Amino acid sequence: MSTLTGGWAVDFPHHDPEQLFAVAMDVESYPRFLPWCRLTRIRRRDGDALEVDNLFGAGPIQARFHSRAEFDRPHRLDITARDGPFRRFHLTWRFQPLDGGGVRVTAEYRMELRSGLLQSLARLSLPEVERRVVQAFKERVRMVYGR
């Protein structure tokens, strides 16, 4: 089965890395703004890492999985999972200051799903998923910090 890859980058000219990092790290707020996210619960905090229970879904299709978030505040956040629907999942967020102020947020992912059918559906839907996630993240930043 082939690995699905993708990502996005967005500039936030009126914010700093710590602010954007804080939005990304507020995993327990994800169900309030992230599409298809129904539940997130931090199971354990250990230094610069979190163990998180997740439930994502649409309609009758649901996926439960555990993830590990390791971070270098406020520069980088790495999220990995190897259970539930994922054979492998890795998402890296980066928060890079821009010359003249602001920050560029980039997110890059690689994943392989256990089911060939889900892998095929994901391949077709990822552009729309990315678009919705980016929009939701932008709206959350506006809601929390303004602008």
Side-chain angles (χ1 to χ4, degrees), residues 3-113 118-119 121-147:
T3 300
L4 301 173
T5 61
W8 49 269
V10 178
D11 291 348
F12 292 85
H14 305 291
H15 301 287
D16 62 53
E18 183 60 46
Q19 290 175 316
L20 284 284
F21 182 87
V23 171
M25 280 296 294
D26 188 12
V27 297
E28 290 181 317
S29 292
Y30 283 9
R32 286 186 234 139
F33 73 94
L34 198 60
W36 309 288
C37 183
R38 294 185 173 173
L39 172 77
T40 53
R41 183 178 64 85
I42 296 174
R43 213 181 347 163
R44 189 172 73 141
R45 295 175 191 269
D46 181 19
D48 292 339
L50 303 174
E51 300 287 335
V52 181
D53 293 326
N54 303 275
L55 174 63
F56 280 70
I61 299 171
Q62 295 188 35
R64 287 185 186 279
F65 61 97
H66 305 287
S67 60
R68 179 170 175 85
E70 296 178 352
F71 55 92
D72 174 19
R73 181 176 218 108
H75 311 289
R76 184 180 172 119
L77 169 62
D78 286 294
I79 301 170
T80 56
R82 289 185 167 268
D83 70 343
F86 300 108
R87 188 169 280 133
R88 277 187 280 283
F89 176 84
H90 188 166
L91 170 65
T92 299
W93 293 74
R94 289 185 184 86
F95 307 88
Q96 302 163 314
L98 297 171
D99 293 338
V103 61
R104 173 168 291 149
V105 177
T106 59
E108 297 173 342
Y109 63 84
R110 294 172 39 156
M111 72 173 147
E112 188 176 320
L113 296 160
L118 282 178
Q119 185 90 353
L121 288 171
R123 181 175 284 111
L124 293 172
S125 63
L126 279 173
E128 179 63 13
V129 169
E130 287 178 20
R131 186 190 70 72
R132 287 187 184 192
V133 168
V134 169
Q135 189 60 38
F137 186 78
K138 287 176 169 180
E139 288 174 16
R140 182 67 176 174
V141 169
R142 271 194 295 276
M143 190 174 93
V144 173
Y145 296 111
R147 287 201 189 221

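Just so it is clear, the structure is predicted and the values come from calculations on it, not from any experiment. Keep in mind that the numbers below use all heavy atoms, side chains included, and drop hydrogens, waters and symmetry copies.
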Does any N or O in the side chain of [X] come within less than 3.5 Å of the main-chain N or O of [Y], such that one atom is a donor and the other an acceptor?
| X | Y | answer |
| --- | --- | --- |
| D16 | E18 | yes |
| Y145 | R140 | no |
| D48 | D72 | no |
| T3 | R110 | no |
| N54 | V52 | yes |

Less than 4.5 Å apart, side chain to side chain, heavy atoms only: is that true for R88 and R82?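 They are in contact (side-chain heavy atoms under 4.5 Å apart), so the answer is yes.
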Between V141 and F12, is there a side-chain heavy-atom distance shorter than 4.5 Å?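 Answer yes - side chains close enough.
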Would you list the atom pairs, donor with acceptor, under 3.5 Å between side chains in residues 89-98 and any protein atom, with sequence neighbours excluded?
| from | atom 1 | to | atom 2 | distance (Å) |
| --- | --- | --- | --- | --- |
| H90 | NE2 | D78 | OD1 | 3.1 |
| H90 | NE2 | T92 | OG1 | 3.2 |
| T92 | OG1 | D78 | OD1 | 2.6 |
| R94 | NH1 | E108 | OE1 | 3.3 |

What is the distance from atom [atom1] of [X] to atom [atom2] of [Y], rounded to the nearest 0.5 Å?
| X | Y | atom1 | atom2 | result |
| --- | --- | --- | --- | --- |
| E51 | R41 | CD | CZ | 11.5 Å |
| L50 | L77 | CG | CG | 8.5 Å |
| R142 | H15 | CZ | NE2 | 8.5 Å |

Please list, chain by chain and in numerical order, all residues satisfying salt bridge (Lys or Arg N to Asp or Glu O under 4.0 Å) with E28, sequence neighbours excluded.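 Salt bridge (Lys or Arg N to Asp or Glu O under 4.0 Å) check on E28 returns nothing, list empty.
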Closer than 4.0 angstrom, basic N to acidic O: yes or no for R76 and E70?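 Between E70 and R76 there is no salt bridge, as every charged N stays at least 4.0 Å from the carboxylate O atoms.
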Apply side-chain contact (heavy atoms from CB on, under 4.5 Å) to the pair E139 and F33, showing each step before the final yes or no. CA-CA 8 Å; E139 288 174 16; F33 73 94; over 6 Å; no
Quiz: residues 124-131 side-chain donor-acceptor pairs under 3.5 angstrom, not counting sequence neighbours:
| from | atom 1 | to | atom 2 | distance (Å) |
| --- | --- | --- | --- | --- |
| S125 | OG | L121 | O | 3.0 |
| E128 | OE1 | R131 | NE | 3.1 |
| E128 | OE2 | R131 | NH2 | 2.7 |
| E128 | OE2 | R132 | NE | 2.9 |
| E130 | OE2 | Y109 | OH | 2.4 |

